[in-house]
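The shown structure was predicted, so the numbers you read here are calculated from the model rather than taken from an experiment.
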Number of protein chains: 4
Amino acid sequence: MIKVGIIGATGYAGQELVRILQQHKEAHILWYGSKSYSGKKYCEVYQNMFQLIPDRCLDEDMQKLAEQADVIFTATPQGYCASIMKEEILSNTKIIDLSADFRLKDAAVYEDWYGMRHKCPQFIGEAVYGLPEINREAVQKARLIANPGCYPTCSILTIAPLLKEGFIAPDSIIIDAKSGTSGAGRGAKVTNLYCEVNENIKAYGVATHRHTPEIEEQLSLAAGRPLAINFTPHLIPMNRGILVTAYASLTKAVTYEEVKAVYDRYYDKEYFVRVLEKEVYPETRWVEGSNFVDINFKIDHRTNRIIMLGAMDNLVKGAAGQAVQNMNLMFGLDEKEGLQLVPMFP
Amino acid sequence: MIKVGIIGATGYAGQELVRILQQHKEAHILWYGSKSYSGKKYCEVYQNMFQLIPDRCLDEDMQKLAEQADVIFTATPQGYCASIMKEEILSNTKIIDLSADFRLKDAAVYEDWYGMRHKCPQFIGEAVYGLPEINREAVQKARLIANPGCYPTCSILTIAPLLKEGFIAPDSIIIDAKSGTSGAGRGAKVTNLYCEVNENIKAYGVATHRHTPEIEEQLSLAAGRPLAINFTPHLIPMNRGILVTAYASLTKAVTYEEVKAVYDRYYDKEYFVRVLEKEVYPETRWVEGSNFVDINFKIDHRTNRIIMLGAMDNLVKGAAGQAVQNMNLMFGLDEKEGLQLVPMFP
Amino acid sequence: MIKVGIIGATGYAGQELVRILQQHKEAHILWYGSKSYSGKKYCEVYQNMFQLIPDRCLDEDMQKLAEQADVIFTATPQGYCASIMKEEILSNTKIIDLSADFRLKDAAVYEDWYGMRHKCPQFIGEAVYGLPEINREAVQKARLIANPGCYPTCSILTIAPLLKEGFIAPDSIIIDAKSGTSGAGRGAKVTNLYCEVNENIKAYGVATHRHTPEIEEQLSLAAGRPLAINFTPHLIPMNRGILVTAYASLTKAVTYEEVKAVYDRYYDKEYFVRVLEKEVYPETRWVEGSNFVDINFKIDHRTNRIIMLGAMDNLVKGAAGQAVQNMNLMFGLDEKEGLQLVPMFP
Amino acid sequence: MIKVGIIGATGYAGQELVRILQQHKEAHILWYGSKSYSGKKYCEVYQNMFQLIPDRCLDEDMQKLAEQADVIFTATPQGYCASIMKEEILSNTKIIDLSADFRLKDAAVYEDWYGMRHKCPQFIGEAVYGLPEINREAVQKARLIANPGCYPTCSILTIAPLLKEGFIAPDSIIIDAKSGTSGAGRGAKVTNLYCEVNENIKAYGVATHRHTPEIEEQLSLAAGRPLAINFTPHLIPMNRGILVTAYASLTKAVTYEEVKAVYDRYYDKEYFVRVLEKEVYPETRWVEGSNFVDINFKIDHRTNRIIMLGAMDNLVKGAAGQAVQNMNLMFGLDEKEGLQLVPMFP
């Protein structure tokens with residue numbers, strides 16, 4: 001039984017970790033860390049857990065937790081994980097960080113986009129970008145996982161194969177992304193109130209969203225050279241789900257079958273990536289509650305562009321589910337353990 | 001492995017059965033019956049099942065199915081199950097009927113409220129009202145289960161204990177119920193279109209809803225004498241969930257502790273019924289996706305009435321989950337098998 | 001041109017006042033008071049007003065405002081209006097208070113339910129309860145209007161006629177009410193976040209909601225004797241709208257026609273109250289954005305009870321629209337001026 | 001008083017016409033045409049109109065209507081208007097067609113994208129594309145108006161100025177659009193049911209949507225040469241609103257001020273187009289219920305692209321409001337008559 005600690009257990013991603021781990025056969029949560037609710041029963045914060053979780057929230061004493069836990073998930077604001085990281089912790093336990101602190105390999109880029117100094121650049125090199133479909137082997141051996149952002153996970157899995165195979169022009173990529181509101185977190189802000197989000201759609205972080213350099217770094221690796229993208233996220237009046245609609249120029253004339261063959265080659269053996277059938281496009285409702293990413297594409301011969309679409313649950317494959325997938329790999333378990341969640345509809 | 005057939009597998013309740021049985025260790029679905037989609041792949045009708053269910057929908061040949069299946073769920077319109085029921089079927093297989101055909105013990109009442117002749121009154125006597133928390137032993141021995149309606153399940157579990165103990169006046173009961181839109185089914189009707197339901201609340205079936213006699217029959221059994229209630233359902237702009245707000249006059253002066261003791265006595269050992277803590281009231285979000293019913297109450301000394309509240313997922317405890325709970329009992333399995341679903345929030 | 005000041009112009013009710021008065025021919029807003037946004041452009045707080053309102057928000061200097069304005073609307077938290085009220089203000093201007101400060105005639109009841117001392121009991125006697133359909137003449141002569149609460153407006157208009165005519169038993173009234181989320185205000189609280197409200201229904205303030213004594217006071221006046229009710233509000237995942245479902249025991253055998261005749265007698269000449277046709281029940285979508293209250297009823301002979309239903313827009317007839325209706329009466333204008341808003345659907 | 005007939009008065013766009021014309025001082029509706037509800041009271045189909053509209057729906061006898069009405073709005077399915085159009089009608093009355101029948105100047109393109117033969121190509125030349133901000137003078141003189149599609153209205157107004165000024169490369173345009181569900185109409189289809197749309201986002205008509213050639217034709221006129229675009233619409237779980245996020249490559253280095261100056265030049269005198277302030281991006285909630293289009297942009301120097309955003313109410317500026325704007329122009333009225341609707345929030 002893996003002993004698990006969670007720092008930030010009362011945010012939406014933290015709670016989703018709890019939900020998933022509740023149904024995991026090999027993991028046991030021993031530490032529900034929460035700065036805001038320390039001392040309170042976890043099920044008073046999340047009443048769905050009533051009679052399922054008797055534990056109380058604990059503070060966020062990382063030092064103490066590292067001595068008890070086999071793995072710690074940090075579902076915390078940017079900067080926290082970097083601020084407490086040190087060899088002493090990593091030699092005692094494994095860390096899966098759901099924040100962005102260790103995702104970017106260049107601390108200067110981090111500081112530029114996140115507007116804060118990186119407190120712990122010495123571990124950036126060691127940290128593994130935890131996208132199993134791309135970095136499986138490195139994940140298995142890692143002590144410190146940078147769990148990918150929600151938009152990056154969906155964008156990278158949707159676009160990388162065609163980029164790697166040279167089917168699309170690296171500098172032509174435009175990503176128009178849409179997310180449910182749970183991605184905005186549980187903080188009490190006017191902009192996230194029901195009446196402000198309901199019956200509305202808006203773009204935000206236009207040309208400035210922090211997930212941009214993360215997507216660029218990973219797509220650059222796929223392309224084999226640096227690239228820059230346009231990335232525009234939108235807020236959708238729904239709880240869960242991300243849809244990525246990506247556009248790129250084709251580098252040559254290709255058929256549906258040729259493109260399909262590429263996707264199949266990359267994802268045939270990937271349980272969590274479902275390449276849909278012809279003319280069936282991803283919709284967030286079909287992946288809700290699950291760790292699946294649904295992907296498909298359409299060639300537009302009129303403009304010589306390809307439209308690539310991907311959908312997933314931002315809290316599962318986009319956060320907690322992927323974190324558990326990483327944990328499974330790090331501990332030599334079946335990668336799917338606890339994650340064979342059937343999407344819930346409606 | 002229990003061989004399961006589903007008639008009406010492409011309605012919302014049918015699909016929820018499929019979702020739950022996918023995660024059930026002792027059951028295997030061999031027949032996805034669907035009149036509308038016969039011949040089509042099940043996962044084309046419900047894309048969430050892509051790569052999970054390769055089967056195609058079959059017609060609704062009950063005769064043939066009865067020879068192959070250990071149990072058949074009928075998630076079909078009123079009248080269908082009664083129209084095909086016969087000894088030949090029941091001697092071959094077990095039936096769990098999610099329609100109302102065998103719920104009422106008096107065929108005349110059925111015909112009155114449902115406006116159709118009962119095609120098979122001879123099996124009404126044998127049919128067991130499948131509310132395990134009340135009829136567990138009878139369920140275990142049944143061949144034919146009348147799976148309770150969604151509103152009745154929530155209403156009965158919320159009200160029955162106090163009625164049975166004589167705390168409330170039988171003829172004072174008023175049930176004001178609210179349901180998500182999945183309860184209206186997947187039929188293409190203008191009144192169920194997104195723009196008609198969204199940003200709206202309405203009562204429907206005022207003083208005429210068909211679940212009224214079902215609730216009355218079961219509450220009469222609890223009271224030990226006939227009673228009549230007021231029951232008003234409302235349609236809420238959300239997918240899942242039922243909330244019942246019930247009012248009744250107290251028969252005597254009682255304290256919070258006395259009432260709580262009654263609920264605890266009835267439900268302490270019931271895994272799926274959660275009596276909440278003082279001043280915490282049921283909300284549908286905390287049970288979504290699970291088989292739980294959350295219950296609580298408030299005494300109003302000013303009016304000498306008690307307000308009893310219950311919440312559950314209409315597609316799970318109100319339909320498919322309860323049906324699987326009944327199946328587990330009928331086949332001697334752990335009643336919770338496949339049903340330890342953690343409520344999904346948000 | 002009536003010079004209007006608004007204190008609390010940046011809450012939802014305040015903004016609805018602004019929207020309505022923008023389309024009012026005889027009124028001009030000269031003071032957009034806002035504690036939180038003082039100094040900021042109004043249209044930065046409510047971007048819908050871009051290029052429509054160039055004004056900046058001002059502080060809440062009541063004294064100064066009273067010298068400039070013909071009428072002041074206070075859309076402020078409980079206690080504020082009472083804390084600043086004095087003869088000096090009322091001799092300079094008229095006040096329409098959208099808070100509860102002057103609604104209850106008994107300061108002790110106010111202090112009991114609102115949990116605060118009433119700062120200005122000397123004006124309670126003078127204040128007129130601003131429900132024009134009931135108090136029209138008094139409103140016309142008033143200096144200080146207590147604008148009714150949203151739930152009370154809908155409940156009283158729905159129930160009062162039958163109570164006044166002795167058709168229903170005063171102590172049998174149960175009001176089960178449902179409201180959209182704008183009723184909860186624009187304060188940044190976790191419980192009002194999109195993901196907490198969406199896909200959920202809950203009761204709140206069970207047996208303790210502050211609108212209870214307000215409804216009781218007005219219904220007692222209608223009944224001609226004191227009465228107590230049960231009142232349970234519920235939060236619905238929609239922006240606007242209140243639906244009241246009220247239950248009462250009939251005092252005698254009555255027909256549909258007799259009851260209909262009562263409602264017609266009270267409301268035939270009331271433009272803003274629409275008594276619907278037989279078997280057509282109120283739905284919030286049909287009144288959204290308008291000052292209408294839609295009402296209907298159903299007699300249940302089985303239980304000898306009547307179900308009375310009312311629907312309205314909580315921000316219009318339940319707050320800002322009714323406030324403007326009161327203003328029109330106080331200034332001798334056509335009561336409908338600025339309020340002939342066609343309900344917007346979908 | 002302009003005598004107005006509406007064919008297709010019971011669809012969502014038809015009903016919005018009715019709502020707007022109810023508040024129009026110079027127009028009177030004498031014909032509520034509806035194939036589905038002929039003979040039924042209009043307010044039974046749209047209960048919001050109870051006590052506001054006593055009329056019954058009439059059939060769709062265009063011939064007869066043309067003799068009575070000064071103007072006829074056809075809010076009908078594709079193909080209908082072309083199928084009944086003839087000189088006899090146009091010499092009697094004016095036609096504002098909300099369908100796509102006369103929007104495209106090339107019948108072959110129409111037939112290609114709409115998959116039906118054009119029944120009346122002889123009037124294509126005469127028909128004026130009714131986008132007043134671009135074709136004001138032609139509209140004033142027209143007998144037959146092709147009222148623009150919702151996506152095209154928003155896309156063209158957002159993009160055309162920069163294209164006309166040569167700031168963006170014609171073949172680089174990608175339009176990612178999002179629409180509320182009222183755009184899908186009131187037809188009873190499974191895909192538009194509440195539970196299918198709610199908690200979901202999907203793309204549809206990927207690379208095949210019929211509004212593509214309409215946008216291309218108008219943008220080609222702006223560019224002065226033919227161009228092809230990518231256009232991907234998405235369905236959003238909300239009632240009203242369209243957001244267009246458009247991407248294009250800049251043809252030269254430009255500053256924020258230079259681009260802003262272009263937009264201001266085109267729209268400074270356009271009441272219905274609001275160019276927002278720097279860093280404030282369009283959101284559908286701020287235009288709901290109004291005839292406004294809100295526009296803004298962001299230069300991304302990293303990719304040398306510009307992101308142009310536009311938001312409007314699809315039923316108002318995207319359909320009925322624009323149709324009334326055209327009517328006002330055709331009859332020499334103030335263009336804003338009946339259209340100074342303040343956006344309703346929340």
Side-chain angles (χ1 to χ4, degrees), chain A residues 12 15-16 18-24 41 43-53 180-184 186 198-199 237-240 267-268 270-277 280-290 292 294 296 311 313-316 340-346, chain B residues 12 15-16 18-24 41 43-53 180-184 186 198-199 237-240 267-268 270-277 280-290 292 294 296 311 313-316 340-346:
Chain A
Y12 287 144
Q15 187 257 170
E16 188 70 354
V18 172
R19 180 179 81 94
I20 292 171
L21 291 172
Q22 280 272 102
Q23 298 168 301
H24 192 288
K41 276 192 193 166
C43 69
E44 286 178 56
V45 184
Y46 286 104
Q47 191 71 23
N48 48 336
M49 301 304 179
F50 184 62
Q51 293 187 354
L52 299 178
I53 298 177
T181 305
S182 58
R186 213 189 194 195
N198 190 37
E199 296 298 292
M238 59 183 193
N239 286 348
R240 288 171 179 245
Y267 294 134
D268 246 5
E270 293 295 344
Y271 179 81
F272 294 121
V273 182
R274 307 192 294 189
V275 181
L276 303 183
E277 297 191 350
V280 177
Y281 298 104
E283 308 189 21
T284 59
R285 61 176 164 156
W286 301 130
V287 294
E288 194 176 328
S290 81
F292 290 119
D294 283 2
N296 214 344
D313 186 321
N314 59 306
L315 291 180
V316 189
Q340 287 181 294
L341 305 155
V342 179
M344 188 168 92
F345 172 82
Chain B
Y12 287 144
Q15 188 256 169
E16 188 70 354
V18 172
R19 180 178 79 95
I20 292 172
L21 291 172
Q22 280 274 103
Q23 298 167 301
H24 192 288
K41 273 194 194 164
C43 69
E44 287 178 54
V45 185
Y46 286 104
Q47 190 71 22
N48 48 336
M49 301 303 179
F50 184 63
Q51 293 187 352
L52 299 178
I53 298 178
T181 305
S182 59
R186 215 190 192 194
N198 189 37
E199 295 299 293
M238 59 183 192
N239 286 348
R240 291 170 177 244
Y267 295 133
D268 245 5
E270 294 294 344
Y271 180 81
F272 295 120
V273 182
R274 305 192 295 190
V275 181
L276 303 182
E277 297 192 349
V280 177
Y281 298 105
E283 309 188 21
T284 59
R285 62 176 163 157
W286 301 129
V287 293
E288 195 177 327
S290 82
F292 290 119
D294 282 3
N296 214 343
D313 186 319
N314 58 307
L315 291 179
V316 189
Q340 287 183 294
L341 306 155
V342 179
M344 188 167 90
F345 172 81

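- Heavy-atom distances place no part of B/V18 under 4.5 Å from chain A, backbone and side chain included.
- Proximity of A/P346 to B/T181: side-chain heavy atoms (C-beta onward) are nowhere separated by under 4.5 Å.
- Heavy-atom distances place the backbone of B/V275, and not its side chain, under 4.5 Å from chain A.
- Residue A/W286 is tested with A/F292, A/F345, A/Y281 for a ring pair (Phe, Tyr, Trp, His ring centres under 6.0 Å); the sole match is A/F345.
- For B/N239, the part lying under 4.5 angstrom from a heavy atom of chain A is the side chain only.
- For B/E16, the part lying under 4.5 angstrom from a heavy atom of chain A is the side chain only.
- Under the side chain to side chain donor-acceptor pair (under 3.5 Å) criterion, A/Q340 pairs with no residue at all, not counting sequence neighbours.
- A heavy-atom distance below 4.5 Å is not found between the side chains of B/Y267 and B/F272.
- Counting heavy-atom pairs closer than 4.5 Å to chain B, the top-ranked of the candidates A/Q22, A/E44, A/R240, A/Q23 is A/R240.
- Counting heavy-atom pairs under 4.5 Å between each of B/D294, B/I20, B/L276 and chain A puts B/L276 at the top.
- Contact count versus chain B (heavy atoms, under 4.5 Å) is highest, among A/R186, A/R274, A/Q51, A/M49, for A/R274.
- Neither the backbone nor the side chain of A/E283 comes within less than 4.5 Å of any heavy atom of chain B.
- Within the 4.5 Å cutoff, the side chain of A/V45 has no heavy atoms near those of the A/Q15 side chain.
- Residues meeting the side chain to side chain donor-acceptor pair (under 3.5 Å) test with B/T284, sequence neighbours left out: C/N200.
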